[in-house]
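Here is the structure we will look at.
Counting starts at 1 for both ligands and their atoms, in listed order. Just so we're clear, the structure is a prediction, and the values are computed from it rather than from any experiment. The residues of the chain are indexed from 1 along the displayed sequence.
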Amino acid sequence: MNIKNELFYGGRAMLRDNWLCQRQATQLRTHEFLNSKEMAALQNQYLHRSLQFAIKKLPFYQHISPKFTVADAPRVLREQFPIIDKSTLLLNRRTLYPRNGNVLLWQSVGKTSGTTGTPLAVFRSMQSVLLEQAFIKRHWAWAGFDEDATRVTLRGDVVVPLTQTAPPFWFWNRFNRQLLVSSRHLREQNIAPILQEIRRVRPHALQAYPSTAYVLAQLLQQRDELLHIPFLFSASEPLYQHQRDLILERMGCSVMDMYGMAERVAFATGCEHGNMHINPDYSYVEIVDEAGQPTDKEGYIVGTTFHNLAMPLIRYRLSDRTRWKQGTCPCGRNFPMIEPVTGKYEDSICGSNGAVVSPSVLTFAFKGVQHIKKSQVVQIAPAHWQIRLVPMVGFNKIEEQKLVSNIHQLVDAQVKVEVLLQDDIPTTEAGKFRWVVNLMRLPVA
Ligand SMILES: [Zn+2]
């Protein structure tokens with residue numbers, strides 16, 4: 001396993017962390033100081049280039065005239081390019097993928113997780129793979145994190161065999177000064193050596209899913225211990241308030257959240273002041289309502305790629321929802337702000353009146369309920385939820401009733417709630433934990 005890890009992480013470091021990527025990251029940092037007019041000009045240039053590529057390469061857009069100026073690109077985008085989504089791509093592979101859907105040898109293929117249906121493949125150019133890393137590095141730089149700093153990674157990486165019962169439960173990636181801890185081994189019986197190793201490497205940052213960082217904070221709480229890590233880089237799942245609170249209490253991290261997706265049509269990064277900034281040099285982002293019209297209220301995120309010209313995704317609608325946040329941020333960057341992204345629409349549940357219930361609101365019901373190790377809220381039928389719990393010693397009927405009555409008092413008075421006690425709640429294949437799951441097929445509007 002160790003030789004395999006050495007080869008994998010060494011090879012990846014060579015590909016991703018070379019001088020070219022470093023130069024790109026430095027170049028990207030200069031964009032943070034552009035004024036809004038300069039930023040718009042840069043966006044128009046990128047947008048114009050993506051639209052021209054799409055018209056030229058993808059039959060789906062061949063009816064659109066390429067004769068428009070750089071300044072006109074946003075208008076042409078809105079007026080002539082329809083909003084598409086995952087199902088449009090799956091149905092139109094011959095016209096929305098380059099070369100009838102045949103990938104070239106030097107291109108990489110990114111896949112969506114498929115946790116909510118058919119996985120989707122996206123072709124990526126070599127250049128866009130490198131640039132992605134440069135954008136991530138720019139975000140890290142906001143936290144003063146550079147090549148010489150040490151990080152602990154607690155994500156889905158399988159770095160030791162799952163059956164292993166003795167330490168080490170981690171792999172030291174010397175190429176990137178990265179301690180990869182196996183999140184599958186993050187349990188009570190293994191935590192002592194894991195904490196010892198984390199303290200030994202003195203990390204500047206923890207890179208984790210919100211749920212894995214939360215598990216670490218819970219284990220610290222059980223042991224009545226603190227672990228100081230200056231920054232948390234969280235990504236890939238919504239970060240709920242109750243998670244943020246406990247992580248802060250136990251590790252004192254400044255949370256630097258990041259929002260991205262396999263389709264790579266939008267990228268938002270949390271700054272030192274806790275605001276989420278859309279990176280306007282990464283892609284062209286719109287927020288639209290059910291009818292596809294721009295809105296200042298909550299709506300779907302729609303993105304147009306700037307850098308992956310191997311397969312330009314134009315006005316691609318995600319199932320994630322957010323809204324624009326008004327005002328300016330004290331960090332001074334001219335990057336538009338958004339409110340926290342609420343999870344996948346497929347992963348949201350509805351109340352008794354059919355309206356989507358915010359997971360953050362759901363967390364209120366769990367406040368003050370003790371002895372719960374893990375929980376998951378699942379919609380199994382209209383107005384019918386199942387709360388799956390992994391109880392700890394001390395959990396009893398009174399706690400259970402308190403949870404149910406909290407839901408009826410704080411979240412939804414009419415919804416039918418059943419509680420199911422389980423030994424464990426499995427994560428997805430990628431090691432992600434879905435706190436809210438909808439087992440009903442929701443129509444995506
Ligand atoms: Zn800011």
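- Ordered by chain and number, Cys271 SG, His277 NE2, Cys329 SG, Cys331 SG make up the set of protein N, O or S atoms under 2.8 Å of the Zn ion (ligand 1).
- For Phe335, there are no ring-ring contact (aromatic ring centres under 6.0 Å, His included) partners at least two apart in sequence or on another chain.
- A cation-pi arrangement is found for Arg333 relative to Trp142, the charged atom lying closer than 6.0 Å to the ring centre and inside a 45° cone about the ring normal.
- A salt bridge links Arg250 and Asp224; the closest N-O separation between the charged side-chain nitrogens and carboxylate oxygens is under 4.0 Å.
- Here the two rings, on His242 and Trp435, have centers that are under 6.0 Å apart.
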> Do Val159 and Ser182 pass the side chain to side chain contact (heavy atoms under 4.5 Å, CB included) test, and can you show the C-alpha distance, the side-chain angles, and the key distance before you say yes or no?
Replying inline: CA-CA 6 Å; Val159 286; Ser182 166; 4.1 Å; yes

> Phe81 and Tyr61: ring-ring contact (aromatic ring centres under 6.0 Å, His included), yes or no, with the steps?
Replying inline: CA-CA 8 Å; Phe81 287 80; Tyr61 300 115; 5.0 Å; yes

